[in-house]
Amino acid sequence: MAQVRTRMAPSPTGYFHVGSARTALFSWLFARQQGGEFILRIEDTDRERSTPEHVEVILDSMRWLGLEWDGDVIYQSENLDRHTAAAHQLLASGHAYRCYATTQEIAAARESAAARGVPSWKYTGPDCVISAEEQAARAAAGAPSVVRCRVPRAAGRIEFEDLVYGPQSIDPDEIDDFVLLRADGSPLYMLSVVCDDIDEGITHILRGQDHLSNTPKQILLYQALGAPVPQFGHLALIMAPDGSKLSKRRHGEVVSITTYRDRGFLPEAMCSFLAQLGYSTGEAEESELLTLDQLAADFDLSRAGRSNAKFIYDASNPKQWTDAKAQNLNASWIRSMPIADLLPHLRPWLERAGLWSDDFIGAQAEWFEATIDLIRQRFWTLEDFVVQGAAYLSDRVEYDPAAVKKNLAKNPRTGPLLNELANRFEAVPFDHESLEAALRGYAEEEGVGAGLLINGLRTAVTGYAVGPSAFELCLALGRERVLHRLRHLPALEG
RNA sequence: GGCCCCGUGGUCUAACGGUUAGGAUGCAGGCCUUUCAAGCCUGAGGCACGGGUUCAACUCCCGUCGGGGCUACCA
């Protein structure tokens, strides 16, 4: 039994599409589950778009997601000679032929067929548009020609078993004698993919459902080339909220994997989200927070859905910039994963924001971890650690205007009360019980609700209206910072 | 237009001939009360439609409608 080998074959477009990421994920999981290999091939034959930068985006995205590939990255552009050689082999074996009809002539034939009421005209042979004599004349005159695949129309329907969609059966008369080589001799996608997949020994091809109707043509090519036909598995597509195809052009950054990385997503969250789009993790799974290893362990293509999944977001609402479920999963991962696993993801963010200290993994490690654990319970992205988190990890406080207004500025007494609260805090042991007793006692003394001071305290020392329990966070912040911030409140306009 | 694929609450999904159609997310309300984009509880919300087959259909068949893909000398 040959070893399973899957591949991901993206073309460098300048971004890595979430749908591509999902295909890559499924291919990776399948290979992993089968104990096989997963290959990455860059389909860089479109010179315009294939810049090194564009390739890097793909590699970065794949690495970030944790989808490491086996062996070196393969570049399709390096195999072009083999693709044209394959076309010549097909020409020699009679599986392909030269076509001298021009695109205009073919279009005209198609139109007139439509005018005659022929529902679907196909290019079905060398002389279906121009006569054999004319072909010979053009050949003799050295006219340009393309190489077309000779679709075996008498061989009956083309059949295959799709790993996701089940049995497929296509009438060859529904397929044109498709072009293999352009007039300039360059190979087309249909030929190139098949050649590369044969060369790389790909056994299972998982890709978007948009390739389902290309499959019969490719099967024909495998057969004509005398190669074993791999197994195909097509994955339902990810659609935009309005049901249209998700595209960078129309839908923007939300479709790009690097956006998620840059906005503080955890790759684990992205993978578990992608895995749940159009796929159901087994009933045995209690949690939706599955790691790649857990996902791979019982990966089963039969649980892949056949209907397209919508990706719901609202570009006009900052809180819904991407799918709510994705955000929820990210928050869940951030809040529940072992601190030790979270740290490697968090550290670069803190470093970039100038919030990192080596003491966090040294002298202050215990405090640091406890603090992270405390504040992450209400965080949604890694970015939260450097915005709201700054107040806990440094002397920097970012005051949220709405919070200041609500908890500090609204009641004119708040400021002075908090200033005095600093003195009360200074006079007692710095522990939860003492602080709470001091605050409540002071509130009673002044005839104000404890809530006024508690909420004011939270905003004064963290900058935000929401966060952990006020006393707990004071302990995390430490005596000096709390006292200092209570004595140096932000400007209270309005 | 032709060929192909799909159709369970807003969204992601479970149930594969007999369930009060389950879960998640989102939404609404409540609790907590010192906050909430936290936590806990409750609630509203679904089998696209019409025919069959069957004692019995979300589950099987046909049709309709709806959505999507492909239909290039793009990938």
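All figures in this text were calculated on a predicted structure; none of them were measured in a lab. Letters A, B, ... are given to chains in the order of the sequence lines, protein chains preceding strands, and every chain is numbered from 1.
- Spacing between atom CZ of A:Arg22 and atom C1' of B:U13 amounts to 13 Å, rounded to whole angstrom units.
- Using a 4.0 Å heavy-atom distance criterion, A:Gln327 is classed as making no nucleic acid contact.
- With salt bridges taken as basic N to acidic carboxylate O contacts below 4.0 Å, one links A:Arg41 and A:Asp197.
- Between the side chain of A:Lys325 and the base of B:A24, a donor-acceptor pair under 3.5 Å is found.
- Across all strands shown, A:Val179 has heavy atoms under 4.0 Å from sugar-phosphate atoms exclusively, and none from any base.
- Under a 4.0 Å N-O distance rule, the pair A:Glu200/A:Arg7 does not qualify as a salt bridge.
- Ion pairing between A:Arg207 and A:Glu43 fails under the 4.0 Å rule for side-chain N and carboxylate O.
- Within the structure, ring-ring contact (aromatic ring centres under 6.0 Å, His included) pairs that include any residue of residues 143-165 of chain A do not occur (at least two apart or interchain).
- Annotation: of the two residues near RNA chain B, A:Met190 and A:Asp176, the 5′-most nearest-nucleotide partner is A:Asp176.
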Can you give one letter per nucleotide of nucleotides 64-70 of chain B, 5' to 3': B if a protein heavy atom sits under 4.0 Å from the base, S if only from the sugar-phosphate, - if neither? ----SBS
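- A donor-acceptor contact under 3.5 Å is not formed by the side chain of A:Arg306 with the base of B:C6.
- Nucleic acid contact for A:Gly467: base, since at least one base atom lies under 4.0 Å from a heavy atom of the residue.
- At a non-hydrogen distance threshold of 4.0 Å, A:Thr103, A:Arg110 from residues 100-118 of chain A come into contact with RNA chain B.
- Between the NZ atom of A:Lys122 and the P atom of B:G1 there is a distance of 15 Å, rounded to whole Å.
- Within 4.0 Å of A:Arg440, counting heavy atoms only, lies at least one base atom of the nucleic acid.
- Residue contacts shown for A:Tyr279 are limited to sugar-phosphate atoms, with no base heavy atom under 4.0 Å away.
- Within the 4.0 angstrom heavy-atom criterion, no nucleotide atom of any strand lies near A:Pro10.
- The CH2-P distance, from A:Trp121 to B:U71, rounds to 16 Å in whole Å.
- Nucleic acid contact class of A:Ala450 (heavy atoms, under 4.0 Å, all strands): none.
- A salt bridge does not link A:Glu444 to A:Arg440: none of the charged nitrogens lies less than 4.0 Å from a carboxylate oxygen.
- Contact annotation for A:Arg458: base contact, defined as any heavy-atom pair under 4.0 Å involving a base atom.
- Rounded to an integer number of Å, the gap from CG of A:Leu452 to P of B:U34 is 12 Å.
- In this structure, OH of A:Tyr313 is placed 19 Å from P of B:G26, rounded to the nearest angstrom.
- Toward the 5' end of RNA chain B, the nearer of the two residues A:Glu43 and A:Ile312, judged by each one's closest nucleotide, is A:Ile312.
- Note on A:Asp210 versus A:Lys245: salt bridge recorded, some NZ/NE/NH1/NH2 to OD/OE distance being below 4.0 Å.
- Using the Watson-Crick or G-U wobble rule with both distances under 3.5 Å, B:G66 pairs with B:C6.
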